[in-house]
Amino acid sequence: MTVSLLCIDCGRAYKPERRWQCECGGLLEVSAPDIRISRRDLDSRLADRTFPFSSGVWRYRELIHPLIADDQIISREEGNTAIYSHRKIAEYAGVDDIRMKHEGQNPTGSFKDRGMTVGVSEAVRLGCTAVGCASTGNTSASLASYAARAGLKALVFIPSGEIAYGKLSQSLAYGARTIQIKGNFDDSMALIMQACEKNDVYLLNSINPWRIEGQKAIAFELLQQLGWQSPDWIALPAGNLGNTSAMGKAIAEMKSLNLIEKIPRIASVQASGASPFYRMWKNGSSVLSAAEHPDTIATAIKIGNPVSWKRAMNVIKGCNGVVEEVTDQEIMDAKAVIDASGIGCEPASAASLAGVRKLRASGVIKRDERVVCILTGNMLKDPTATVNYHTNKLEGIRPAFANPPVAAGADLEGIMRLL
Ligand SMILES: *Cc1c(COP(=O)(O)O)cnc(C)c1O
Ligand SMILES: [Zn+2]
């Protein structure tokens, strides 16, 4: 079996060694061209409740990390996330068949666990003793948990004051060395890359090609849940663009293995305050120019200089996809609709639904097309944003679906008048 790391810029191939970038600076991609697997092989594993096929990532292990041995896998039975639909969401989007795959149901509350189980397992396979990342919150929460499970040291750089409390608390609680950088995510990213190089720490941002391999499992699991029948669209929020890259790679692999017949179109949705990828796509530019001061309430996608823009652009072109942007107002109203349908998600996740609604309004998505939104993170990650929305405390946002708490004295009659 040949497994190599291929540079997407210069084409150079490396053995699967401890490396996360090409010498030319280009991004690396895992290539395992001899793998063969059928729907029947994969479907037969669904009844298996034992390790490692009980994991919604390692169920697809040949397509994710063919070299890893059982005793190197650090898994928390990630994945196996539910797909929901609700009349309110369909009405809001203007699409009849729209479903939400809830990646917030992963062990640490976001899809990052799918990439992290693979990244940390790879660190174990390589014999590393420490792992690190820069993060807007969810990557660090996930890294801290999986590193603790593996007995590895964890180093986390986060932008000071810009992390939702649910996420910061996880990084601290799971025992990561947490450094709050006076700067934004892009500053933290540039610094962690140098710190990892200098201190022999294995870098586990989504620049690491094994993270992307793990995140492909969102697509494998989704398509298997749909009986291998592709939807017309898959919509997802876009920040650093690792997820867009992983989704596209997974779809291309499933197509070439004949696991699926049709290529779904990807709609990659950015927050308008942090939308360099949208602008690149809209202007037909061949290079991304970073956004200097990214700003959005959706902190998970508050990124001005996404590392994976090149592979993500290849993905969008390869699947006839689109890139869209949505305002914080649109994000928070879409979130309120998802929340009030009993599902719930963190702000960034709702960019997917907000994007679909906008693309439906402009006629790009048709009413009778089948759409799946990826809800990337759990509602409890950022309770501050939710409470401030419902109590009308978000600057520049007028909550269309506010459900504020009502104050009452401790007497039953007074309370009865309020009901
Ligand atoms: C990381 C993250 C994103 C952005 O994913 P990218 O791969 O960086 O584009 C979106 N939503 C949530 C909740 C995240 O944690
Ligand atoms: Zn190269």
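Remember, it's a predicted structure, so these values are computed and weren't measured experimentally. The chain is numbered in sequence order, starting from 1.
- Checked by atom type, the side-chain pair Glu162/Thr299 shows no donor-acceptor distance below 3.5 Å.
- Salt-bridge annotation for Lys88 and Glu91: absent, with no side-chain N of the basic residue lying under 4.0 Å from a carboxylate O of the acidic one.
- Side-chain atoms of Ser135 and Ser140 form a donor-acceptor pair, as typed in the model, at a separation below 3.5 Å.
- Across all their heavy atoms, Gly239 and Ile303 have their closest contact at C-CD1, 4.0 Å.
- No salt bridge links Asp382 with Lys167; every basic N to acidic carboxylate O contact stays at or beyond 4.0 Å.
- Remark: Glu221 engages Lys101 in a salt bridge, criterion side-chain N to carboxylate O under 4.0 Å.
- Side-chain contact annotation: Asn208 with Tyr202, donor-acceptor N/O pair under 3.5 Å present.
- A salt bridge links Arg45 with Glu62: the closest approach of a Lys/Arg side-chain nitrogen to an acidic carboxylate oxygen falls below 4.0 angstrom.
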Steps toward side chain to side chain contact (heavy atoms under 4.5 Å, CB included) verdict (Trp20, Trp210) | CA-CA 9 Å; Trp20 52 80; Trp210 294 107; over 6 Å; no

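- A salt bridge is absent between Lys366 and Asp232: the closest approach of a Lys/Arg side-chain nitrogen to an acidic carboxylate oxygen does not fall below 4.0 angstrom.
- Salt-bridge check for Arg39 with Asp43: failed, with every basic side-chain N at 4.0 Å or more from each acidic carboxylate O.
- Side-chain contact annotation: Thr108 with Ser145, donor-acceptor N/O pair under 3.5 Å absent.
- No donor-acceptor distance shorter than 3.5 angstrom exists from the side chain of His102 to the backbone of Thr81, with no hydrogens or angles considered.
- The pair Lys249-Glu29 does not count as a salt bridge, with every side-chain nitrogen at least 4.0 angstrom from each carboxylate oxygen.
- In terms of modelled atom types and a separation under 3.5 Å, the side chain of Asn80 and the main chain of Ser54 share a donor-acceptor contact.
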Report the C-alpha separation of Val269 and Lys358 in whole Å, then their side-chain angles, then the decisive distance to 0.1 Å, and conclude whether the side chain to side chain contact (heavy atoms under 4.5 Å, CB included) test is met.
-> CA-CA 10 Å; Val269 186; Lys358 198 167 169 188; over 6 Å; no

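- Surrounding OH of Tyr165 are at most 12 heavy atoms belonging to other residues, nucleotides or ligands under 6.0 Å away.
- Atom CZ of Arg149 has 12 or fewer neighbouring heavy atoms from other residues, nucleotides or ligands inside a 6.0 Å radius.
- Taking the ring axis of Phe220 as reference, the NZ or CZ atom of Arg59 does not stay both within 45° of it and closer than 6.0 Å to the ring centre.
- The closest side-chain donor-acceptor pair between Thr2 and Asp34 falls under 3.5 angstrom.
- Defined by atom type and a distance below 3.5 Å, a donor-acceptor pair is present between the side-chain atoms of Ser349 and Thr376.
- Under 3.5 Å, the side chains of Asn138 and Glu346 contain a donor-acceptor pair of N or O atoms.
- Other residues, nucleotides and ligands contribute more than 12 heavy atoms inside 6.0 Å of the NZ atom of Lys262.
- Of all the heavy atoms in Ile234 and Pro264, the pair that sits closest is CD1-CG, 3.9 Å.
- With hydrogens and angles ignored, the 3.5 Å screen pairs no side-chain donor or acceptor of Arg357 with any backbone N or O of Val95.
- Using a distance-only test at 3.5 Å, with no hydrogens or angles considered, a donor-acceptor pair links the side chain of Asp186 to the main chain of Asn305.
- A distance-only check finds no donor-acceptor pair linking the side chain of Asp295 to the backbone of Gly273 [under 3.5 Å].
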Side chain to side chain contact (heavy atoms under 4.5 Å, CB included) assessment of Tyr146 paired with Glu78 | CA-CA 11 Å; Tyr146 282 83; Glu78 44 292 308; 2.5 Å; yes

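- Under a 4.0 Å N-O distance rule, the pair Glu17/Lys15 does not qualify as a salt bridge.
- By the neighbour-count criterion of 12 heavy atoms within 6.0 Å, atom CZ of Arg18 is densely surrounded, having more than that number from other residues, nucleotides or ligands.
- Residues Ile207 and Met189 approach most closely at CG2-CE, 4.4 Å, considering heavy atoms.
- Checked for salt-bridge contact, Arg367 and Asp96 meet the test: a charged N lies under 4.0 Å from a carboxylate O.
- Taking 4.0 Å as the cut-off between side-chain N and carboxylate O, Glu253 and Lys216 count as a salt-bridged pair.
- With Thr327 as the partner, the side chain to side chain donor-acceptor pair (under 3.5 Å) test is satisfied by one option alone out of Glu325, Gln329, Glu330: Glu330.
- Among all heavy-atom pairs drawn from Leu223 and Pro231, the shortest one is CD1-CD, 4.3 Å.
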